[in-house]
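Comments concern the structure below.
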Amino acid sequence: MADEKALNFLEEIIERDLREGRYGSILTRFPPEPNGYLHLGHAKSICLNFGLAIRYGGKTNLRFDDTNPSTEETEYVDSIKEDVRWLGFMWANEFYASDYFDQLYGFAVKLILKGLAYVDDSSSEEIAAQKGTPTAPGTDSPCRSRPIEENLKLFDAMKHGAYQDGEKVLRARIDMAHPNMHMRDPILYRIKHAHHHRTGDRWCIYPMYDFAHGQSDSIEGITHSICTLEFIPHRELYDWLIEKLDIYPSRQYEFARLNVTYTVMSKRKLLQLVNEKHVSGWDDPRMPTLSGLRRRGYTPEAIRDFCDRVGVAKRDNLIDIGLLEFCVREHLNKVAQRRMVVFDPLKIVITNYPAGQQEDLQSENNPEDPSGSTRTMPFARELYIERDDFTEVPPKKFFRLAPGQMVRLKSAYIIRCESVLKDADGTVTEVHCSYIPESKSGSDTSGIPVKGTLHWVSAAQAVPVDVRLYDRLFNVENLGEAEGDFKNYLNPDSLNIKTVYAEPSLKQAQTGEPYQFLRMGYFCLDSDSSPTRLVFNRTVTLRDTWAKERK
RNA sequence: UGCCCGAUGGUGUAAUUGGCAACACGUCUGAUUUUGAUUCAGAAAAGUCCAGGUUCGAGCCCUGGUCGGGCAACCA
């Protein structure tokens, strides 16, 4: 069944191009710089680039934009590849801008020969001054009229290491009074005596983004080069270079980058959080990085669904993080195994259940799963329930346990609260209940209707495990508008660690498997777990309309 | 004293390309429920930034404004 969703503006462009025979098939690319880990914003770009190619029978390249050796590392290359694969996409080719350094050098020589590029001796300050301002035209560099022969010789010397960093650059010769700042003789090459993660020390001059990206697109035959809005002013230069170089005419299109409430989405800021130890690393489960989300328990399906629902357009946006949460819940509800875990235990004694007796009850693994598979839970005289699930003076519409009130213990029996034991402070220490033997789950003949169903564990068999409860990383909705240092808005309570009591079957929990702790949320086993101590991350809570009502 | 983008319910995205604004999230009801989850049914919520114009008819076209964002790294 073809989806009837309206086309976004990129799909319209592509369909038009295909219809008019401009391309036989399309080729897109995902072009990260390997200087950090991928985040949700990249996920949007990945889903777009790969999604478009899949939809229209084309292909997508993974290309590392590695033209700045001082910030890039192989560690990042590896994590990026892992994340793209995890998200569920496979690239047609793995390329690197650094693969094209020789060709790019040739392109530069070609421009010099055409009188369209020159070597400039100006310092970076001088060049900045020459640029003028958006409202005032720039001025020509003294080197602007350097003869072609001399430019050729100088550029060759640059390549061969005759100069120090910053001594010379190669600039395009366009127009120092151009209304578009990017067209005022932009720098094409700079000198950097730095070790490159792939080309080693072979080069000491490196192309700038503007002289690498479009050229790489062109070399690969990319039909639609999709990037974010801030590159709009670069498009004129992108087209100018393609025209002057007379190479394959890739076309650039721009969409609005993703912003999400209560988080930041820039590599620079995320790097700061990592470096300054506000989080445990790039894969801290609170991070909007793909590695963080993965560790948190988010599924690729959920993230892809999110990227789909977020849409693509050209206006600035701020997406409610609630949409992301909706997407995971929707997926996890279908696939997560149910387990019972009591967070804040209150002891229940079933006074009419014989001491020392135990029975194995069956509980469904997932009510959404038609196979109806079950697991075994031990039931006994002494149990734990959630302290929140009991109160001595119930408010209106409280369906849980209270003196004289009945509730069902999920997959077990209906119990009635008979009496309460307290300590000297008046804190409830134990609740004594009776159970209705004929109300056994699956063969209930009691006919008693109860409004509430509680999760529980057998006190003797409960397994203590750690849970890490995460909350939003920041406590302001729109970090883009927040004044001052974004780190001032970090949520001090974004991580809460508790020891809780799990049903015994959870000892067999597997990493990578999602679980729903009944009524408590979705969880997954963390890599910090050891055989003696299991650690679970809370992916997201369940929707909780009762919590809202209580307020 | 510039150039370039953009403006539709709280949020995001649509509107058969000129025919009286739809979908999703969120919110609020109600039903079902051995998870106050899920599921289901329903409701409230914009008259499309403003002012003119063209037209039988404008969210879509034109003109002029307003507001928001971007552009002056040897970053990408």
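The chains referred to below are lettered A, B, ... by the order of the sequence lines, with proteins before strands, and numbering in each begins at 1.
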RNA chain B-proximal residues of residues 253-271 of chain A, any heavy atom under 4.0 Å = none
task = Just call it for A/S441: base, sugar-phosphate, or nothing, with non-hydrogen atoms closer than 4.0 Å on any strand.
result = base
ask   = For the rings on A/F101 and A/H196, is their centre-to-centre separation under 6.0 Å?
value = yes
inquiry  = Within the 4.0 Å heavy-atom criterion, would you say A/I319 contacts the bases, only the backbone, or no part of the nucleic acid?
reply    = sugar-phosphate
request  = Kindly point out which of B/U35, B/A37, B/G2 is positioned nearest to the side chain of A/T545?
outcome  = B/A37
request  = Could you please name the partner base of B/U16, counting Watson-Crick and G-U wobble pairs only when both distances are under 3.5 Å?
outcome  = none
request  = May I ask you to say what A/R400 touches in the nucleic acid, namely base, sugar-phosphate or nothing, with a heavy-atom cut-off under 4.0 Å?
outcome  = base
query = How far does the C1' atom of B/C20 sit from the matching atom of B/U48, given to the nearest Å?
reply = 13 Å
inquiry  = Tell me if the aromatic rings of A/Y353 and A/F379 count as close, with their centers under 6.0 Å from one another.
reply    = yes
ask   = Contact class for A/H182 (heavy atom, under 4.0 Å): base, sugar-phosphate, or nothing?
value = sugar-phosphate
task = Would you indicate what A/F398 reaches in the nucleic acid, counting non-hydrogen atoms under 4.0 angstrom: base, sugar-phosphate, or nothing?
result = base
ask   = For A/I232, which contact category applies under a 4.0 Å heavy-atom criterion: base, sugar-phosphate, or nothing?
value = sugar-phosphate
Touch class at under 4.0 angstrom, heavy-atom based, for A/F231 against every strand present = base
ask   = Touch check for A/V310, heavy atoms < 4.0 angstrom, all strands: base, sugar-phosphate only, or nothing?
value = sugar-phosphate
task = Tell me whether the centres of the aromatic rings in A/F155 and A/Y189 are closer together than 6.0 Å.
result = yes
task = Would you indicate whether A/K269, at its atom NZ, is surrounded by more than 12 heavy atoms from other residues, nucleotides or ligands within a distance under 6.0 Å?
result = yes
task = Side chain of A/L542 only, please: which of B/C71, B/U35, B/C75 is the nearest?
result = B/U35
task = Evaluate whether the aromatic ring of A/W546 and the six-membered ring of the B/G36 base sit under 5.5 Å apart, centre to centre, with an inclination under 30°.
result = yes
message = Tell me whether the side-chain N or O atoms of A/R519 pair up with the base of B/U35 as donor and acceptor below 3.5 Å, since no angle test is needed here.
response = no
request  = May I ask you to verify if any side-chain N or O of A/R235 is less than 4.0 angstrom from the OP1 or OP2 atom of B/C5?
outcome  = no
Base B/U35 to side chain A/Q516, donor-acceptor N/O within 3.5 Å cut-off = yes
task = Output the single nucleotide from B/G12, B/C3, B/G36 whose closest atom is nearest the side chain of A/L318.
result = B/G12
note = Of A/N68 and A/F9, the one whose nearest nucleotide on RNA chain B sits closer to the 5' end is A/F9
B/U38 versus B/A15 - spacing of their C1' atoms, nearest Å = 32 Å
query = Under 4.0 angstrom, heavy atoms only, what part of the nucleic acid is A/V450 near: base, sugar-phosphate, or nothing?
reply = nothing
inquiry  = Measuring to OP1 and OP2 of B/U33, would you say a side-chain N or O of A/K451 lies under 4.0 angstrom away?
reply    = no
inquiry  = With a 3.5 Å limit on both atom pairs, tell me what B/A7 is paired to, counting Watson-Crick and G-U wobble, or say none.
reply    = B/U66
request  = Could you tell me whether A/R198 sits above the aromatic face of A/Y96, with NZ or CZ closer than 6.0 angstrom to the six-membered ring centre and within 45 degrees of the axis?
outcome  = yes
message = Taking salt bridge (Lys or Arg N to Asp or Glu O under 4.0 Å) as the criterion, tell me which of A/K410, A/R338, A/R375 meets it with A/E503.
response = A/R375
request  = Output the single nucleotide from B/U38, B/G69, B/A76 whose closest atom is nearest the side chain of A/D316.
outcome  = B/G69
inquiry  = Centroid separation under 6.0 Å, is that true for the rings of A/Y413 and A/Y435?
reply    = yes
message = How many whole angstroms separate atom CG of A/D544 from atom P of B/A37?
response = 8 Å
task = Report the distance from atom CZ of A/R29 to atom P of B/A76, rounded to the nearest whole Å.
result = 15 Å
request  = Could you tell me whether B/G69 is syn or anti, where syn means a glycosidic angle within 90 degrees of zero?
outcome  = anti
request  = Compute the ring centroids of A/Y209 and A/H213, then answer whether they are less than 6.0 Å apart.
outcome  = yes
A/A6 side chain, from C-beta outward: closest of B/A76, B/A15, B/U35 = B/A15
task = Give none if B/U54 has no partner; otherwise give the nucleotide forming a Watson-Crick or G-U wobble pair with it, both distances under 3.5 Å.
result = none
key: Pairwise 5' ranking along RNA chain B for A/L7 and A/R543, keeping only the more 5' one   = A/L7
task = Answer with base, sugar-phosphate or nothing: what part of the nucleic acid does A/M208 contact at a heavy-atom distance below 4.0 Å?
result = sugar-phosphate
inquiry  = Does A/E236 reach a base, just sugar-phosphate, or nothing at all? Heavy atoms under 4.0 Å.
reply    = nothing
Any donor-acceptor N/O pair under 3.5 Å between B/A72 base and A/H178 side chain = no
query = Which nucleotide, B/C75, B/U38, B/C5, lies nearest any side-chain atom of A/K192?
reply = B/C75
query = Among B/C25, B/G2, B/A76, which is the nearest nucleotide to the side chain of A/L323?
reply = B/C25
ask   = Between B/C75, B/U34, B/A14, which nucleotide has the shortest distance from any of its atoms to the side chain of A/K410?
value = B/U34
ask   = Which part of the nucleic acid, if any, lies within reach of A/S122 when heavy atoms closer than 4.0 Å are counted: base, sugar-phosphate only, or nothing?
value = base
message = Within the 4.0 Å heavy-atom criterion, would you say A/E12 contacts the bases, only the backbone, or no part of the nucleic acid?
response = base
ask   = A/A128 has a side chain; which of B/A76, B/C71, B/A73 sits nearest to it?
value = B/A73
task = Compute both the distance and the angle, then confirm whether A/R339 meets the cation-pi test with A/F517: under 6.0 Å from the six-membered ring centre, within 45 degrees of the axis.
result = no
inquiry  = Using a 4.0 Å heavy-atom cut-off, does A/G442 contact any base of the nucleic acid, only the sugar-phosphate backbone, or nothing at all?
reply    = base
message = Heavy atoms from C-beta onward define the side chain here; which of B/A72, B/C28, B/A76 lies closest to that of A/K131?
response = B/A72
